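Per chain, numbering begins at 1; letters A, B, ... match sequence-line order. Note that the structure is a prediction, hence the values are computed from the model and not measured.
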Number of protein chains: 2
Amino acid sequence: MRLHSSRSTDDRLLEAALELLGERGYEGATTRRIAERAGVAEVTLFRRFGSKARLLAEAVRRAGADFEEAAARPSGDLKADLHALAGRYLRQWRRAGTFPFVVAGAAAREPELRRALEEALAGRLATVRAFFEHYQRQGELRPAPAGSLIHAFFGPLVSAALFGAALEGAPALDVEAHVEGFLGGWAA
Amino acid sequence: MRLHSSRSTDDRLLEAALELLGERGYEGATTRRIAERAGVAEVTLFRRFGSKARLLAEAVRRAGADFEEAAARPSGDLKADLHALAGRYLRQWRRAGTFPFVVAGAAAREPELRRALEEALAGRLATVRAFFEHYQRQGELRPAPAGSLIHAFFGPLVSAALFGAALEGAPALDVEAHVEGFLGGWAA
DNA sequence: GATGAATGTAAGCGCATACTAACACCAGTA
DNA sequence: TACTGGTGTTAGTATGCGCTTACATTCATC
(Lines give C-alpha, C1' and ligand atoms only; values in the text may rest on other atoms or scores of the structure.)
Protein backbone atom coordinates (compact mmCIF):
# COMPACT_ATOMS: atom_id res chain seq x y z
CA MET A 1 0.00 0.00 0.00
CA ARG A 2 0.91 3.65 -0.38
CA LEU A 3 2.77 3.10 -3.64
CA HIS A 4 2.90 6.50 -5.25
CA SER A 5 1.58 8.76 -2.58
CA SER A 6 -1.43 10.45 -4.09
CA ARG A 7 -1.39 13.19 -1.54
CA SER A 8 -4.92 14.48 -1.69
CA THR A 9 -6.55 11.09 -1.11
CA ASP A 10 -4.35 10.37 1.89
CA ASP A 11 -4.87 13.87 3.20
CA ARG A 12 -8.60 13.63 3.07
CA LEU A 13 -8.57 10.26 4.79
CA LEU A 14 -6.27 11.49 7.55
CA GLU A 15 -8.31 14.59 8.11
CA ALA A 16 -11.58 12.67 8.23
CA ALA A 17 -10.01 10.19 10.64
CA LEU A 18 -8.93 12.99 12.94
CA GLU A 19 -12.35 14.59 12.97
CA LEU A 20 -14.16 11.35 13.64
CA LEU A 21 -11.74 10.32 16.37
CA GLY A 22 -12.73 13.46 18.24
CA GLU A 23 -16.42 13.20 17.51
CA ARG A 24 -16.99 9.50 17.96
CA GLY A 25 -14.07 7.94 19.75
CA TYR A 26 -11.77 5.19 18.54
CA GLU A 27 -14.39 2.53 17.96
CA GLY A 28 -16.87 5.10 16.68
CA ALA A 29 -14.44 6.21 14.02
CA THR A 30 -15.33 3.32 11.74
CA THR A 31 -13.64 2.70 8.43
CA ARG A 32 -16.94 3.20 6.62
CA ARG A 33 -17.56 6.58 8.19
CA ILE A 34 -14.00 7.75 7.66
CA ALA A 35 -14.12 6.77 4.00
CA GLU A 36 -17.52 8.36 3.53
CA ARG A 37 -16.45 11.65 5.06
CA ALA A 38 -13.28 11.65 2.99
CA GLY A 39 -15.40 11.10 -0.14
CA VAL A 40 -13.54 7.92 -0.95
CA ALA A 41 -14.41 4.23 -1.24
CA GLU A 42 -13.85 2.23 1.93
CA VAL A 43 -11.58 -0.20 0.13
CA THR A 44 -9.28 2.68 -0.78
CA LEU A 45 -8.63 3.28 2.90
CA PHE A 46 -7.35 -0.26 3.25
CA ARG A 47 -5.38 -0.11 0.04
CA ARG A 48 -3.54 2.99 1.18
CA PHE A 49 -3.10 2.40 4.90
CA GLY A 50 -3.49 -1.35 5.30
CA SER A 51 -5.53 -1.19 8.47
CA LYS A 52 -7.60 1.10 10.60
CA ALA A 53 -4.96 1.08 13.34
CA ARG A 54 -2.25 2.30 10.99
CA LEU A 55 -4.46 5.04 9.57
CA LEU A 56 -5.40 6.37 12.99
CA ALA A 57 -1.84 6.21 14.27
CA GLU A 58 -0.70 8.18 11.24
CA ALA A 59 -3.46 10.72 11.85
CA VAL A 60 -2.35 11.19 15.45
CA ARG A 61 1.23 11.68 14.37
CA ARG A 62 0.07 14.36 12.00
CA ALA A 63 -2.01 16.12 14.67
CA GLY A 64 1.05 16.13 16.89
CA ALA A 65 3.10 17.77 14.18
CA ASP A 66 0.49 20.50 13.71
CA PHE A 67 0.54 21.17 17.42
CA GLU A 68 4.29 21.37 17.30
CA GLU A 69 4.31 24.20 14.81
CA ALA A 70 2.73 26.54 17.31
CA ALA A 71 5.32 25.70 19.93
CA ALA A 72 7.30 27.95 22.17
CA ARG A 73 10.15 30.04 20.78
CA PRO A 74 11.47 32.53 23.31
CA SER A 75 11.37 36.12 22.05
CA GLY A 76 13.17 37.66 25.00
CA ASP A 77 10.04 39.03 26.63
CA LEU A 78 9.00 36.30 29.08
CA LYS A 79 5.65 37.72 30.05
CA ALA A 80 4.56 38.35 26.49
CA ASP A 81 5.70 34.87 25.52
CA LEU A 82 3.70 33.30 28.33
CA HIS A 83 0.59 35.18 27.30
CA ALA A 84 0.95 34.14 23.68
CA LEU A 85 1.70 30.54 24.64
CA ALA A 86 -1.27 30.28 26.94
CA GLY A 87 -3.62 31.76 24.38
CA ARG A 88 -2.46 29.49 21.57
CA TYR A 89 -2.49 26.47 23.80
CA LEU A 90 -5.99 27.07 25.06
CA ARG A 91 -7.29 27.68 21.57
CA GLN A 92 -5.79 24.43 20.33
CA TRP A 93 -7.31 22.43 23.15
CA ARG A 94 -10.65 24.06 22.61
CA ARG A 95 -10.59 23.24 18.92
CA ALA A 96 -9.49 19.71 19.66
CA GLY A 97 -12.55 19.05 21.86
CA THR A 98 -12.41 15.61 23.39
CA PHE A 99 -9.82 14.41 20.91
CA PRO A 100 -6.90 14.33 23.34
CA PHE A 101 -8.86 12.30 25.87
CA VAL A 102 -10.08 9.87 23.28
CA VAL A 103 -6.52 9.32 22.16
CA ALA A 104 -5.10 9.09 25.67
CA GLY A 105 -7.79 6.56 26.56
CA ALA A 106 -7.43 4.50 23.41
CA ALA A 107 -3.64 4.54 23.46
CA ALA A 108 -3.67 2.24 26.47
CA ARG A 109 -5.07 -0.59 24.38
CA GLU A 110 -3.87 0.24 20.86
CA PRO A 111 -0.09 -0.14 20.63
CA GLU A 112 0.24 1.65 17.31
CA LEU A 113 -1.70 4.61 18.66
CA ARG A 114 0.37 4.58 21.81
CA ARG A 115 3.61 4.80 19.89
CA ALA A 116 2.28 7.66 17.77
CA LEU A 117 1.11 9.51 20.86
CA GLU A 118 4.42 9.05 22.64
CA GLU A 119 6.33 10.40 19.67
CA ALA A 120 4.06 13.41 19.39
CA LEU A 121 4.19 14.20 23.10
CA ALA A 122 7.93 13.73 23.39
CA GLY A 123 8.51 16.24 20.60
CA ARG A 124 6.26 18.82 22.20
CA LEU A 125 7.78 18.28 25.57
CA ALA A 126 11.32 18.89 24.38
CA THR A 127 10.35 22.21 22.81
CA VAL A 128 8.56 23.42 25.90
CA ARG A 129 11.36 22.30 28.19
CA ALA A 130 13.87 24.22 26.06
CA PHE A 131 11.68 27.30 26.34
CA PHE A 132 11.72 27.33 30.13
CA GLU A 133 15.39 26.47 30.33
CA HIS A 134 16.16 29.43 28.11
CA TYR A 135 14.55 31.85 30.53
CA GLN A 136 16.22 30.12 33.46
CA ARG A 137 19.58 30.77 31.83
CA GLN A 138 18.53 34.40 31.38
CA GLY A 139 17.97 34.50 35.14
CA GLU A 140 14.29 35.35 34.79
CA LEU A 141 12.97 32.09 36.21
CA ARG A 142 14.07 30.27 39.34
CA PRO A 143 16.38 27.31 38.74
CA ALA A 144 13.66 24.76 39.53
CA PRO A 145 13.43 21.44 37.67
CA ALA A 146 11.90 22.01 34.25
CA GLY A 147 9.13 19.56 35.10
CA SER A 148 7.88 21.78 37.89
CA LEU A 149 7.73 24.81 35.63
CA ILE A 150 6.03 22.86 32.86
CA HIS A 151 3.32 21.54 35.14
CA ALA A 152 2.88 24.85 36.94
CA PHE A 153 2.34 26.69 33.67
CA PHE A 154 0.59 24.15 31.46
CA GLY A 155 -1.28 22.22 34.14
CA PRO A 156 -3.91 24.89 34.71
CA LEU A 157 -4.39 25.22 30.97
CA VAL A 158 -4.88 21.49 30.67
CA SER A 159 -7.34 21.29 33.53
CA ALA A 160 -9.28 24.30 32.26
CA ALA A 161 -9.57 22.64 28.86
CA LEU A 162 -10.39 19.23 30.30
CA PHE A 163 -13.13 20.41 32.61
CA GLY A 164 -14.33 22.91 30.05
CA ALA A 165 -14.84 20.11 27.57
CA ALA A 166 -16.48 17.76 30.05
CA LEU A 167 -18.56 20.04 32.22
CA GLU A 168 -20.99 22.81 31.46
CA GLY A 169 -20.42 25.05 34.48
CA ALA A 170 -16.70 24.45 34.79
CA PRO A 171 -14.68 27.18 36.48
CA ALA A 172 -13.12 29.52 33.96
CA LEU A 173 -9.42 30.25 33.75
CA ASP A 174 -8.43 33.90 33.63
CA VAL A 175 -5.29 33.83 31.50
CA GLU A 176 -4.08 37.18 32.78
CA ALA A 177 -4.36 36.06 36.41
CA HIS A 178 -2.80 32.70 35.59
CA VAL A 179 0.32 34.29 34.13
CA GLU A 180 0.57 36.62 37.13
CA GLY A 181 0.23 33.74 39.56
CA PHE A 182 2.79 31.68 37.70
CA LEU A 183 5.32 34.50 37.72
CA GLY A 184 4.58 35.16 41.40
CA GLY A 185 5.50 31.59 42.18
CA TRP A 186 8.40 31.00 39.82
CA ALA A 187 10.02 34.23 38.64
CA ALA A 188 13.55 34.71 39.93
CA MET B 1 -34.95 -4.35 37.19
CA ARG B 2 -33.23 -3.85 40.53
CA LEU B 3 -36.16 -5.12 42.58
CA HIS B 4 -34.67 -6.08 45.89
CA SER B 5 -31.20 -4.76 45.63
CA SER B 6 -28.96 -7.75 46.14
CA ARG B 7 -25.94 -5.67 46.96
CA SER B 8 -23.11 -8.02 46.26
CA THR B 9 -24.21 -8.82 42.72
CA ASP B 10 -24.62 -5.17 41.83
CA ASP B 11 -21.37 -4.32 43.54
CA ARG B 12 -19.42 -6.87 41.63
CA LEU B 13 -20.92 -5.74 38.34
CA LEU B 14 -20.19 -2.08 39.04
CA GLU B 15 -16.66 -2.83 40.11
CA ALA B 16 -15.99 -4.97 37.06
CA ALA B 17 -17.47 -2.27 34.84
CA LEU B 18 -15.18 0.33 36.37
CA GLU B 19 -12.09 -1.81 35.89
CA LEU B 20 -12.91 -2.66 32.32
CA LEU B 21 -13.75 0.92 31.44
CA GLY B 22 -10.24 1.89 32.41
CA GLU B 23 -8.57 -1.10 30.80
CA ARG B 24 -10.50 -1.35 27.56
CA GLY B 25 -12.43 1.84 26.97
CA TYR B 26 -16.15 2.27 26.59
CA GLU B 27 -16.64 -0.03 23.63
CA GLY B 28 -14.07 -2.47 24.95
CA ALA B 29 -16.02 -2.85 28.17
CA THR B 30 -18.49 -5.29 26.65
CA THR B 31 -21.39 -6.70 28.58
CA ARG B 32 -19.99 -10.20 28.17
CA ARG B 33 -16.62 -9.25 29.63
CA ILE B 34 -18.13 -7.26 32.49
CA ALA B 35 -20.37 -10.15 33.46
CA GLU B 36 -17.55 -12.65 33.21
CA ARG B 37 -15.26 -10.59 35.43
CA ALA B 38 -18.06 -10.09 37.94
CA GLY B 39 -18.61 -13.84 37.97
CA VAL B 40 -22.20 -13.43 36.92
CA ALA B 41 -24.31 -14.43 33.91
CA GLU B 42 -24.55 -11.79 31.21
CA VAL B 43 -28.31 -11.82 31.39
CA THR B 44 -28.13 -10.81 35.05
CA LEU B 45 -26.43 -7.60 34.05
CA PHE B 46 -29.39 -6.68 31.87
CA ARG B 47 -31.89 -7.79 34.46
CA ARG B 48 -30.37 -5.55 37.09
CA PHE B 49 -29.32 -2.50 35.10
CA GLY B 50 -31.43 -2.67 31.98
CA SER B 51 -28.70 -1.62 29.58
CA LYS B 52 -24.97 -1.24 29.28
CA ALA B 53 -25.28 2.54 29.22
CA ARG B 54 -27.12 2.63 32.53
CA LEU B 55 -24.67 0.27 34.19
CA LEU B 56 -21.66 2.29 33.12
CA ALA B 57 -23.27 5.57 34.10
CA GLU B 58 -24.00 4.15 37.53
CA ALA B 59 -20.41 2.95 37.82
CA VAL B 60 -19.13 6.42 37.02
CA ARG B 61 -21.41 7.99 39.60
CA ARG B 62 -20.04 5.59 42.15
CA ALA B 63 -16.42 6.35 41.21
CA GLY B 64 -17.23 10.02 41.64
CA ALA B 65 -18.59 9.42 45.11
CA ASP B 66 -15.45 7.53 46.14
CA PHE B 67 -13.36 10.41 44.93
CA GLU B 68 -15.54 12.77 46.91
CA GLU B 69 -14.84 11.07 50.21
CA ALA B 70 -11.24 12.11 50.07
CA ALA B 71 -12.19 15.71 49.45
CA ALA B 72 -10.90 18.85 51.04
CA ARG B 73 -11.86 19.81 54.59
CA PRO B 74 -9.87 22.76 55.87
CA SER B 75 -8.02 22.00 59.12
CA GLY B 76 -6.71 25.50 59.72
CA ASP B 77 -3.20 24.76 58.51
CA LEU B 78 -3.26 25.74 54.84
CA LYS B 79 0.13 24.38 53.89
CA ALA B 80 -0.46 21.02 55.55
CA ASP B 81 -3.87 20.78 53.90
CA LEU B 82 -2.40 21.49 50.49
CA HIS B 83 0.20 18.81 50.93
CA ALA B 84 -2.34 16.25 52.02
CA LEU B 85 -4.72 17.22 49.22
CA ALA B 86 -2.05 17.00 46.55
CA GLY B 87 -0.86 13.64 47.79
CA ARG B 88 -4.31 12.11 47.92
CA TYR B 89 -5.27 13.57 44.59
CA LEU B 90 -2.19 12.29 42.81
CA ARG B 91 -2.62 8.85 44.31
CA GLN B 92 -6.20 8.65 43.14
CA TRP B 93 -5.32 9.68 39.61
CA ARG B 94 -2.50 7.21 39.51
CA ARG B 95 -4.77 4.39 40.61
CA ALA B 96 -7.39 5.47 38.11
CA GLY B 97 -5.00 5.07 35.18
CA THR B 98 -6.60 6.10 31.90
CA PHE B 99 -10.09 5.82 33.36
CA PRO B 100 -10.76 9.57 33.53
CA PHE B 101 -9.77 10.07 29.91
CA VAL B 102 -11.84 7.19 28.72
CA VAL B 103 -14.84 8.63 30.50
CA ALA B 104 -14.21 12.19 29.33
CA GLY B 105 -13.87 10.96 25.77
CA ALA B 106 -16.90 8.70 25.87
CA ALA B 107 -19.09 11.22 27.66
CA ALA B 108 -19.20 13.34 24.52
CA ARG B 109 -21.21 10.67 22.72
CA GLU B 110 -22.99 8.85 25.54
CA PRO B 111 -25.59 11.12 27.15
CA GLU B 112 -26.12 8.94 30.22
CA LEU B 113 -22.42 8.85 30.89
CA ARG B 114 -22.22 12.58 30.37
CA ARG B 115 -24.88 13.25 32.97
CA ALA B 116 -23.19 10.96 35.47
CA LEU B 117 -19.85 12.63 34.86
CA GLU B 118 -21.30 16.11 35.24
CA GLU B 119 -22.92 15.19 38.54
CA ALA B 120 -19.73 13.68 39.88
CA LEU B 121 -17.60 16.62 38.78
CA ALA B 122 -20.01 19.24 40.05
CA GLY B 123 -20.00 17.67 43.52
CA ARG B 124 -16.22 17.58 43.66
CA LEU B 125 -15.96 21.09 42.39
CA ALA B 126 -18.22 22.52 45.05
CA THR B 127 -16.18 20.93 47.84
CA VAL B 128 -12.91 22.18 46.47
CA ARG B 129 -14.27 25.65 45.86
CA ALA B 130 -15.49 25.82 49.46
CA PHE B 131 -12.02 24.81 50.63
CA PHE B 132 -10.29 27.69 48.88
CA GLU B 133 -12.96 30.18 49.83
CA HIS B 134 -12.49 29.23 53.45
CA TYR B 135 -8.82 30.15 53.38
CA GLN B 136 -9.61 33.32 51.48
CA ARG B 137 -11.94 34.34 54.31
CA GLN B 138 -9.12 33.58 56.75
CA GLY B 139 -7.01 36.04 54.79
CA GLU B 140 -4.41 33.44 53.88
CA LEU B 141 -5.13 33.40 50.15
CA ARG B 142 -5.53 36.36 47.82
CA PRO B 143 -9.13 37.19 46.95
CA ALA B 144 -8.83 35.86 43.41
CA PRO B 145 -11.73 34.09 41.68
CA ALA B 146 -12.00 30.55 43.01
CA GLY B 147 -11.58 29.20 39.49
CA SER B 148 -8.09 30.64 39.26
CA LEU B 149 -7.06 29.04 42.52
CA ILE B 150 -8.58 25.72 41.57
CA HIS B 151 -6.79 25.56 38.26
CA ALA B 152 -3.53 26.85 39.69
CA PHE B 153 -3.49 24.17 42.36
CA PHE B 154 -5.12 21.19 40.68
CA GLY B 155 -4.06 21.85 37.10
CA PRO B 156 -0.46 20.75 37.63
CA LEU B 157 -1.68 17.63 39.41
CA VAL B 158 -3.97 16.83 36.50
CA SER B 159 -1.30 17.36 33.88
CA ALA B 160 1.23 15.33 35.85
CA ALA B 161 -1.26 12.48 36.04
CA LEU B 162 -2.31 12.79 32.41
CA PHE B 163 1.17 12.81 30.96
CA GLY B 164 2.31 10.24 33.47
CA ALA B 165 -0.37 7.88 32.26
CA ALA B 166 0.23 8.52 28.58
CA LEU B 167 3.99 8.93 28.32
CA GLU B 168 6.89 6.92 29.66
CA GLY B 169 9.39 9.71 30.23
CA ALA B 170 6.94 12.35 31.36
CA PRO B 171 8.31 15.13 33.53
CA ALA B 172 7.72 14.44 37.21
CA LEU B 173 5.92 16.76 39.57
CA ASP B 174 7.66 17.58 42.84
CA VAL B 175 4.76 18.03 45.25
CA GLU B 176 6.83 20.03 47.70
CA ALA B 177 7.91 22.47 45.03
CA HIS B 178 4.43 22.64 43.61
CA VAL B 179 2.91 23.71 46.92
CA GLU B 180 5.68 26.29 47.38
CA GLY B 181 5.10 27.68 43.90
CA PHE B 182 1.37 27.83 44.44
CA LEU B 183 1.71 29.69 47.71
CA GLY B 184 4.27 32.01 46.13
CA GLY B 185 1.75 32.96 43.49
CA TRP B 186 -1.46 33.04 45.50
CA ALA B 187 -0.86 33.45 49.22
CA ALA B 188 -2.05 36.75 50.63
C1' DG C 1 -43.70 -28.09 51.36
C1' DA C 2 -45.28 -24.32 48.57
C1' DT C 3 -44.21 -19.63 46.94
C1' DG C 4 -41.56 -16.21 44.82
C1' DA C 5 -37.51 -13.60 44.02
C1' DA C 6 -32.75 -13.77 42.30
C1' DT C 7 -29.90 -16.14 39.50
C1' DG C 8 -28.18 -19.51 35.92
C1' DT C 9 -28.04 -21.92 31.16
C1' DA C 10 -28.69 -22.05 26.34
C1' DA C 11 -29.89 -20.39 22.13
C1' DG C 12 -30.27 -16.93 19.16
C1' DC C 13 -31.74 -12.29 16.80
C1' DG C 14 -30.42 -8.38 14.00
C1' DC C 15 -26.86 -5.60 13.14
C1' DA C 16 -22.31 -3.42 12.56
C1' DT C 17 -17.62 -4.19 12.35
C1' DA C 18 -12.71 -4.71 10.01
C1' DC C 19 -11.30 -6.46 6.14
C1' DT C 20 -11.11 -9.02 1.34
C1' DA C 21 -11.88 -10.66 -3.54
C1' DA C 22 -13.16 -9.93 -8.24
C1' DC C 23 -13.88 -6.95 -11.71
C1' DA C 24 -14.58 -2.41 -14.14
C1' DC C 25 -13.11 2.29 -15.23
C1' DC C 26 -10.15 6.00 -16.44
C1' DA C 27 -6.06 8.96 -17.04
C1' DG C 28 -1.39 9.38 -18.32
C1' DT C 29 2.58 7.46 -20.41
C1' DA C 30 5.40 4.58 -23.58
C1' DT D 1 -2.45 1.19 -29.08
C1' DA D 2 -1.28 -1.11 -25.01
C1' DC D 3 -0.08 -0.84 -20.43
C1' DT D 4 -0.25 0.65 -15.71
C1' DG D 5 -1.41 2.67 -11.34
C1' DG D 6 -5.03 4.59 -8.65
C1' DT D 7 -9.62 4.33 -7.82
C1' DG D 8 -14.69 2.77 -7.70
C1' DT D 9 -18.42 -0.90 -7.28
C1' DT D 10 -20.32 -4.90 -5.50
C1' DA D 11 -20.62 -8.56 -2.86
C1' DG D 12 -19.00 -10.90 0.31
C1' DT D 13 -16.57 -13.19 4.98
C1' DA D 14 -16.10 -14.11 10.02
C1' DT D 15 -16.64 -12.05 14.22
C1' DG D 16 -18.50 -9.69 17.95
C1' DC D 17 -21.87 -6.64 19.70
C1' DG D 18 -26.19 -5.36 22.82
C1' DC D 19 -30.01 -7.48 24.05
C1' DT D 20 -34.01 -11.01 24.44
C1' DT D 21 -36.62 -15.28 25.23
C1' DA D 22 -37.63 -19.56 27.47
C1' DC D 23 -36.78 -22.57 30.89
C1' DA D 24 -34.26 -24.54 35.00
C1' DT D 25 -32.18 -23.97 39.63
C1' DT D 26 -31.37 -22.22 44.32
C1' DC D 27 -32.93 -20.59 48.65
C1' DA D 28 -35.19 -17.97 52.25
C1' DT D 29 -39.75 -17.14 54.12
C1' DC D 30 -44.44 -18.23 55.14
Please produce a list of atom pairs where a protein N or O lies less than 3.5 Å from an N or O of nucleotides 15-18 of chain C.
| residue | atom | partner | partner atom | Å |
| --- | --- | --- | --- | --- |
| dA18(C) | OP1 | Lys52(A) | NZ | 2.8 |
| dA18(C) | OP2 | Thr31(A) | N | 3.1 |
| dA18(C) | OP2 | Thr31(A) | OG1 | 3.0 |

Under 3.5 Å, N/O pairs linking protein and nucleotides 21-26 of chain D:
none

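Nucleotide dC17(D) holds its C1' atom 14 Å from the CZ atom of Arg24(B), rounded to whole Å. The CZ atom of Phe49(A) sits 19 Å away from the C1' atom of dT20(C) (whole-angstrom rounding). At whole-Å resolution of the value, CD in Glu36(B) and P in dG18(D) are 13 Å apart. A straight line from CZ of Arg54(B) to C1' of dC19(D) spans 12 Å, rounded to a whole angstrom. If you take CG of Leu45(A) and P of dT9(D), they are 15 Å apart, rounded to a whole angstrom.
Sorted by first then second residue, the salt bridge (charged side-chain N to carboxylate O under 4.0 Å, His left out) pairs that include residues 13-24 of chain A, not counting sequence neighbours, are Glu19(A)-Arg37(A), Glu23(A)-Arg37(A). Pairs passing the salt bridge (charged side-chain N to carboxylate O under 4.0 Å, His left out) check and including a residue from residues 175-188 of chain B, sequence neighbours excluded, read Lys79(B)-Glu180(B). Evaluation of the salt bridge (charged side-chain N to carboxylate O under 4.0 Å, His left out) test over residues 89-106 of chain B, restricted to residues two or more places apart or in two chains, returns none.
Residues satisfying the side chain to side chain donor-acceptor pair (under 3.5 Å) test with Arg109(B), not counting sequence neighbours, are Glu27(B). Residues passing the side-chain contact (heavy atoms from CB on, under 4.5 Å) test with Ala53(A), sequence neighbours excluded: Tyr26(A), Ser51(A), Glu112(A). Qualifying side chain to side chain donor-acceptor pair (under 3.5 Å) partners for His151(A), counting only residues two or more places apart in sequence or in other chains: Ser159(B). With sequence neighbours left out, the side-chain contact (heavy atoms from CB on, under 4.5 Å) criterion links Ala86(B) to Phe153(B), Leu157(B), Val175(B). Residues passing the side chain to side chain donor-acceptor pair (under 3.5 Å) test with Thr31(A), sequence neighbours excluded: Glu42(A). Judged as a salt bridge (Lys or Arg N to Asp or Glu O under 4.0 Å), and not counting sequence neighbours, the contacts of Arg61(B) are Glu58(B), Glu119(B).
Look at Thr44(B) and you won't find any side-chain N or O under 4.0 angstrom from OP1 or OP2 of dA6(C).
Note: Tyr135(B) and Phe131(B) have perpendicular aromatic rings, judged against thresholds of 30 and 60 degrees for the angle between ring planes.
The stretch residues 107-116 of chain B has no heavy atom under 4.0 Å from DNA chain D, so no residue of it qualifies as close.
Considering only side-chain atoms of Thr9(A), the nucleotide from dT7(D), dG8(C), dG8(D) that sits closest is dT7(D).
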* Going through the checks in order, is the salt bridge (charged side-chain N to carboxylate O under 4.0 Å, His left out) test met by Arg137(A) and Glu133(A)? -> CA-CA 6 Å; Arg137(A) 278 194 304 275; Glu133(A) 284 169 352; 5.0 Å; no
